[in-house]
Undergrad: 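Shown below is the structure under consideration.
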Amino acid sequence: MRMVVSGVPGVGKTSVMEGVAKEKGLSIVNYGSVMFEVAKSQGLVENRDQIRKLSVEKQRDIQEAAAQKIYEMGDVIVDTHCTIKTHGGFYPGLPEWVLRKLKPDRIILVEATPDEIAKRRAKDASRIRDEDKEREISEHQMMNRYVAMAYSMLTGASVKIVFNHDDGLEDAIMEVLDVF
Ligand code: AMP
Ligand code: MG
């Protein structure tokens, strides 16, 4: 089964995925890491948070190259974004040509309250997170829901929203495990 997991930056989707992967003996492939490898090898960026600052056209090229690489990895959990917030507006993390290669069966949206997410971003010094106001975080989560259903229409994949509230990591992991 091919599972795609999405959530706005700072929601904790990587932690949720690690719990799921451990339980299921699956590997996680981070879409951003694969894109970073591609972009770095082309001399375009020095850190992963610079990817979303590139032109949308450039990001699309890198995104397509990453889809091919991930496809060749077989059955993995894909840690990615349904939408990426860029200067040009939201752009789709899984446009049609990416979906056609990845062929996901399940789409998981990890969510939390905008207030929880804003606090987590402020605490994470290892990343250069954009400082969105809570209203913008809420808008980003809404866009992810809309586009997730569009991805479902294109692939037949089911969509499940899983909440990763404060002190709720174990519950979130259990909810994703229910999907298998
Ligand atoms: P992450 O560490 O998961 O927040 O991902 C880091 C960066 O990788 C994101 O800010 C995006 O620029 C890029 N990225 C991840 N997944 C995708 C995708 N499916 N399509 C385009 N860009 C992506
Ligand atoms: Mg992550």
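Note that ligands are numbered from 1 as they come in the structure, with each ligand's atoms numbered from 1 the same way. Heavy atoms only: backbone and side chains are in, while hydrogens, waters and symmetry mates are out.
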Undergrad: Would you mind checking if Asp166 and Lys119 are paired as a salt bridge, meaning a charged N to carboxylate O distance below 4.0 Å?
TA: no
Undergrad: Is it true that Val78 and Ile173 fall in one hydrophobic cluster, defined by side-chain heavy atoms closer than 4.5 Å?
TA: no
Undergrad: Given Met35, Lys53, Gln50, Arg48, which has its nearest heavy atom closest to atom 2 (O) of ligand 1?
TA: Arg48
Undergrad: Between Gln59 and ligand 1, is there a nitrogen or oxygen pair with a distance under 3.5 Å?
TA: no
Undergrad: Does Asn164 reach the main-chain N or O of Val11 with its side chain, forming a donor-acceptor pair under 3.5 Å?
TA: yes
Undergrad: Please tabulate, for side-chain N and O atoms in residues 17-28, each donor-acceptor pair with protein atoms closer than 3.5 Å (sequence neighbours left out).
TA:
none

Undergrad: Short N/O distance, under 3.5 Å, between Leu94 and ligand 1?
TA: no
Undergrad: What about Tyr151 and Ile161, same hydrophobic cluster or not, with Ile/Leu/Val/Met/Phe/Trp/Tyr joined at side-chain heavy-atom distances under 4.5 Å?
TA: yes
Undergrad: Could you tell me whether Tyr91 approaches ligand 1 through its side chain, its backbone, both or neither, with non-hydrogen atoms closer than 4.0 Å?
TA: side chain
Undergrad: Could you tell me whether the side chain of Pro104 reaches within less than 4.5 Å of the side chain of Met3, counting heavy atoms only?
TA: no
Undergrad: Under 4.0 Å from a heavy atom of Arg52: which atoms of ligand 1 are those, numbered in the order shown and with their elements?
TA: 10 (O), 12 (O)
Undergrad: Any idea which atoms of ligand 1 are less than 4.0 Å away from a heavy-atom of Lys13?
TA: 3 (O)
Undergrad: Of the side chain and backbone of Asn30, name the one, both, or neither that has a heavy atom under 4.0 Å from an atom of ligand 1.
TA: side chain
Undergrad: Hey, can you pull the donor-acceptor pairs under 3.5 Å for the side chains in residues 90-100, sequence neighbours left out?
TA:
from	atom 1	to	atom 2	distance (Å)
Tyr91	OH	Gln59	OE1	3.2
Glu96	OE1	Arg100	NH2	3.2
Glu96	OE2	Arg100	NE	2.9
Glu96	OE2	Arg100	NH2	2.5

Undergrad: Give yes or no for whether the N/O distance cutoff of 3.5 Å, strictly under, is met between Tyr31 and ligand 1.
TA: no
Undergrad: Which of the numbered atoms in ligand 1 are under 4.0 angstrom from any heavy atom belonging to Ile51?
TA: 12 (O)
Undergrad: With no hydrogens and no angle check, just 3.5 Å: does a side-chain donor-acceptor pair link His165 and Thr113?
TA: no
Undergrad: Under a 4.0 Å heavy-atom limit, does Gln63 contact ligand 1 with its side chain, its backbone, both, or neither?
TA: side chain
Undergrad: Any N or O on Asp49 sitting closer than 3.5 Å to an N or O of ligand 1?
TA: no
